[in-house]
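Within every chain, numbering begins at 1; the chains are lettered A, B, ... in the order of the sequence lines, protein sequences first and strands thereafter. Atom set for the values below is all heavy atoms of this structure, side chains included, hydrogens, waters and symmetry mates excluded.
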There are 2 protein chains.
Amino acid sequence: MGKTGVMGAFEEMVLLTLVRQGEAAYGVSIRRELEERAGNSVSMGAVYATLDRLESKALVRSRVGEERESRRGRPRRYYTVLPAGVRELQQTRAVRERMWAGIELDQPAEPS
Amino acid sequence: MGKTGVMGAFEEMVLLTLVRQGEAAYGVSIRRELEERAGNSVSMGAVYATLDRLESKALVRSRVGEERESRRGRPRRYYTVLPAGVRELQQTRAVRERMWAGIELDQPAEPS
DNA sequence: ACACTATCTCTACAAAATAGAGAACGGAAA
DNA sequence: TTTCCGTTCTCTATTTTGTAGAGATAGTGT
């Protein structure tokens, strides 16, 4: 995490997706949810590179799924947030709240 | 701004500081406020590099202050957010709200 | 003219974000 | 059982963002 106490924007979103999906989170499901919420496409490379970084920082852990899942394709690698990851999310939110405190932006115009 | 519709974390903080400080924002005042809110030191290099990038993306504009400010030192360069910058802040906030929607994190333990 | 001070600029590098191609795995089809 | 095929992961490479620190600059005051 940077000196400001706020983690990278994409790292944060990936971490939040892990919190939301619990034990079921793996590459493709993470990407799908990210795309839904962002309203835009996200590459697998972006997702996995970020997961790798989070893992090497010990904010998440991963395990390879059971071979017999009665399903085609390569076994999934499932990801879970660790307590340290939750703490970084909390910290990030706290600092950002201080940054936004008292800010008033005009409402974006409604598409008519 | 990234494909996810969320801008970089430091860029966002700098932009917010500009909104807050209005016409009075310049390198040193921006850094001071960033440090106060983050609770950590921030280098001038970090601030100026970010301001330059924001300017080249036409999210902020800058002007050199009046020479006669009855003050020693090099003239200040003042920075102001442009409407495009405000829109990016709004967009960033909107996407992030969707990302955080429904997330429940345990309260961080109070230092006793 | 000279020193002093506040501020800015430059260079360099580390970390994060992103794309795209391709490899691996294992069920299904033949 | 051999080949095919869909799913998921891995690797390489590039761009963007974040950060530090030294040093150049433009004025004020002496």
Distance in angstrom units between [X] [atom1] and [N] [atom2], rounded:
{"X": "A:Asn40", "N": "C:dA17", "atom1": "CG", "atom2": "C1'", "result": "14 Å"}
{"X": "B:Arg71", "N": "D:dT28", "atom1": "CZ", "atom2": "C1'", "result": "10 Å"}
{"X": "A:Arg31", "N": "D:dT7", "atom1": "CZ", "atom2": "P", "result": "12 Å"}
{"X": "A:Asp52", "N": "C:dT18", "atom1": "CG", "atom2": "P", "result": "16 Å"}
{"X": "A:Arg76", "N": "D:dT10", "atom1": "CZ", "atom2": "P", "result": "14 Å"}
{"X": "B:Ile30", "N": "C:dT7", "atom1": "CD1", "atom2": "C1'", "result": "12 Å"}

- request: Only counting residues at least two apart or in another chain, list the ones meeting salt bridge (charged side-chain N to carboxylate O under 4.0 Å, His left out) with A:Lys57.
  value: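 Here the qualifying residues are A:Glu11.
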
message: Holding to side chain to side chain contact (heavy atoms under 4.5 Å, CB included), I want the full list of residues that pass it with B:Glu104, two or more places apart in sequence or in another chain.
response: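 If we apply the side chain to side chain contact (heavy atoms under 4.5 Å, CB included) test to B:Glu104, skipping adjacent residues, there are no hits.
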
Pairing residues for [X] by the side chain to side chain donor-acceptor pair (under 3.5 Å) criterion, not counting sequence neighbours:
{"X": "A:Gln91", "value": "none"}
{"X": "B:Arg77", "value": "B:Ser62"}
{"X": "B:Tyr78", "value": "B:Glu69, B:Arg76"}

- prompt: Nucleotide by nucleotide, 5' to 3', does protein get under 4.0 Å of the base (B), only the sugar-phosphate (S), or neither (-) in nucleotides 15-25 of chain D, counting heavy atoms?
  reply: --BBBBB--BB

message: Looking at C:dT9, I'd like to know if its phosphate oxygens (OP1 or OP2) sit under 4.0 Å from a side-chain N or O belonging to B:Arg77.
response: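 Indeed, a polar side-chain atom of B:Arg77 lies that close.
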
message: Any side-chain N or O of B:Arg72 below 4.0 angstrom from OP1/OP2 of D:dG27?
response: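 It does not, given that no N or O in the side chain of B:Arg72 lies less than 4.0 Å from OP1 or OP2 of D:dG27.
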
field: Of the listed nucleotides C:dT9, D:dT28, C:dT7, the one nearest the side chain of B:Tyr79
entry: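 Selected nucleotide: C:dT9.
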
message: Test of understanding: clusters of I, L, V, M, F, W, Y form through side-chain heavy atoms closer than 4.5 Å, transitively. Do A:Met44 and A:Val64 belong to the same one?
response: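 A:Met44 does not cluster with A:Val64.
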
